[in-house]
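Accompanying notes for the structure given below.
Predicted model only: the values in this text are computed from it and were never measured.
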Amino acid sequence: AITQAMCTSFKIALLNGEMDFSGDTSQTFKIALFTNAATLNATTTAYATTNEVANGNGYTTGGNTLTISTAPTSSGTTAFLDFADTTWTSASITARGALIYKVGGTNPSVAVLDFGGDKVSTAGNFTVQFPAADATNAIVRIATP
């Protein structure tokens with residue numbers, strides 16, 4: 001099963017200063033797509049190819065490189081950032097979810113996205129649309145309870 005979550009190992013990496021979203025060009029973040037056979041959740045520690053969408057038909061194993069569209073900022077007591085939407089063009093893809101991860105080293109995980117069911121494109125565009133970049137909706141948020 002795929003369960004949407006900010007990965008626990010990502011939270012630890014933040015506290016250890018191992019993740020930098022401020023524009024450090026040595027740090028690249030990607031999003032990989034996974035089938036309904038994948039098991040991804042808050043305990044996912046790193047990107048792996050197990051049950052990733054197959055290479056070909058408009059998809060390249062490892063996924064797309066993400067662009068930070070809203071640099072780390074805050075509103076009230078919530079810090080957040082957001083990525084630009086990403087698209088695989090002319091793609092025939094069936095995906096149930098995705099993993100955002102940092103490229104390099106062990107390819108540590110950031111967040112798991114649950115699409116709520118299989119999403120399909122047939123020789124068309126497959127787009128992951130990120131939510132609004134604000135303290136309530138941004139894909140990466142750190143808030144007090």
inquiry  = Going by side chain to side chain donor-acceptor pair (under 3.5 Å), name the residues that satisfy it together with Asp118, two or more places apart in sequence or in a different chain.
reply    = Asn36
message = Using a 4.5 Å cut-off between side-chain heavy atoms of Ile, Leu, Val, Met, Phe, Trp and Tyr, which other residues end up in the same hydrophobic cluster as Leu40?
response = Ile2, Phe34, Tyr47, Leu99, Tyr101, Val103, Val112
ask   = For the residue pair Ala95 and Val53, what are the closest heavy atoms and their distance?
value = CB-CG2, 4.0 Å
request  = Take Phe21 and Phe29 through the test ring pair (Phe, Tyr, Trp, His ring centres under 6.0 Å) and record every step on the way to the result.
outcome  = CA-CA 9 Å; Phe21 293 94; Phe29 295 88; 4.3 Å; yes
note = All heavy atoms of Ala5 vs all of Asn41, minimum pair found to be CB-C, 4.3 Å
ask   = Would you call Asn55 and Thr60 a side-chain contact if the rule is heavy atoms closer than 4.5 Å?
value = yes
remark   = Connected to Phe80, directly or through other members, by ILVMFWY side-chain contacts below 4.5 Å are none
request  = Would you sort out whether Phe130 and Val140 count as a side chain to side chain contact (heavy atoms under 4.5 Å, CB included), showing the intermediate values?
outcome  = CA-CA 10 Å; Phe130 289 99; Val140 178; over 6 Å; no
key: Exam field: side chain Ser92 to backbone Ala123, donor-acceptor pair closer than 3.5 Å   = yes
With sequence neighbours excluded, residues passing side chain to side chain donor-acceptor pair (under 3.5 Å) with Asp114 = Arg96
query = Could you give the distance from OG1 (Thr61) to OH (Tyr59), rounded to the nearest 0.5 Å?
reply = 6.5 Å
query = Out of curiosity, Ile100 CD1 to Thr44 OG1, how far, rounded to the nearest 0.5 Å?
reply = 12.5 Å
request  = Drop me the distance from Cys7's SG to Ile12's CD1, to the nearest 0.5 angstrom.
outcome  = 11.0 Å
request  = Report the residues that fulfil side-chain contact (heavy atoms from CB on, under 4.5 Å) with Thr87, sequence neighbours left out, ordered by chain and then residue number.
outcome  = Thr89, Asn125, Thr127
query = Closest approach of Ile139 and Pro131, non-hydrogen atoms and distance?
reply = N-CG, 4.0 Å
ask   = Looking at residues at least two apart in the chain, or sitting in another chain, which of them share a side-chain contact (heavy atoms from CB on, under 4.5 Å) with Ser69?
value = Asp82, Ala84
task = Identify the heavy atoms of Gly62 and Ala32 that sit nearest to each other, and give their distance.
result = O-CB, 3.9 Å
ask   = Which heavy atom of Gln27 sits nearest a heavy atom of Glu18, and at what distance?
value = OE1-O, 3.8 Å
request  = Any salt bridge (charged side-chain N to carboxylate O under 4.0 Å, His left out) involving residues 51-63? Give me the pairs, sequence neighbours left out, ordered by first then second residue.
outcome  = none
task = Can you sort out the partners of Thr39 under side chain to side chain donor-acceptor pair (under 3.5 Å), two or more places apart, ordered by chain and number?
result = none
task = Mind checking side-chain contact (heavy atoms from CB on, under 4.5 Å) for Thr45 and listing every partner two or more places apart, or none if nothing turns up?
result = Ser9
request  = Kindly determine whether Thr78 and Ile142 satisfy side chain to side chain contact (heavy atoms under 4.5 Å, CB included), including the steps that lead there.
outcome  = CA-CA 6 Å; Thr78 302; Ile142 301 172; over 6 Å; no
request  = Please list, chain by chain and in numerical order, all residues satisfying side-chain contact (heavy atoms from CB on, under 4.5 Å) with Thr86, sequence neighbours excluded.
outcome  = Ile31, Asn64, Leu66, Trp88, Val128
query = Among all residues two or more places apart in sequence or in another chain, which pass the salt bridge (Lys or Arg N to Asp or Glu O under 4.0 Å) test with Asp134?
reply = none
ask   = So how far is it from Arg141 CZ to Asn137 CG, rounded to the nearest 0.5 Å?
value = 6.5 Å
Non-neighbouring partners of Asn107 that pass side chain to side chain donor-acceptor pair (under 3.5 Å), sequence neighbours left out = none
Intermediate values then yes/no, side chain to side chain contact (heavy atoms under 4.5 Å, CB included), Thr70 and Phe83 = CA-CA 7 Å; Thr70 301; Phe83 297 105; over 6 Å; no
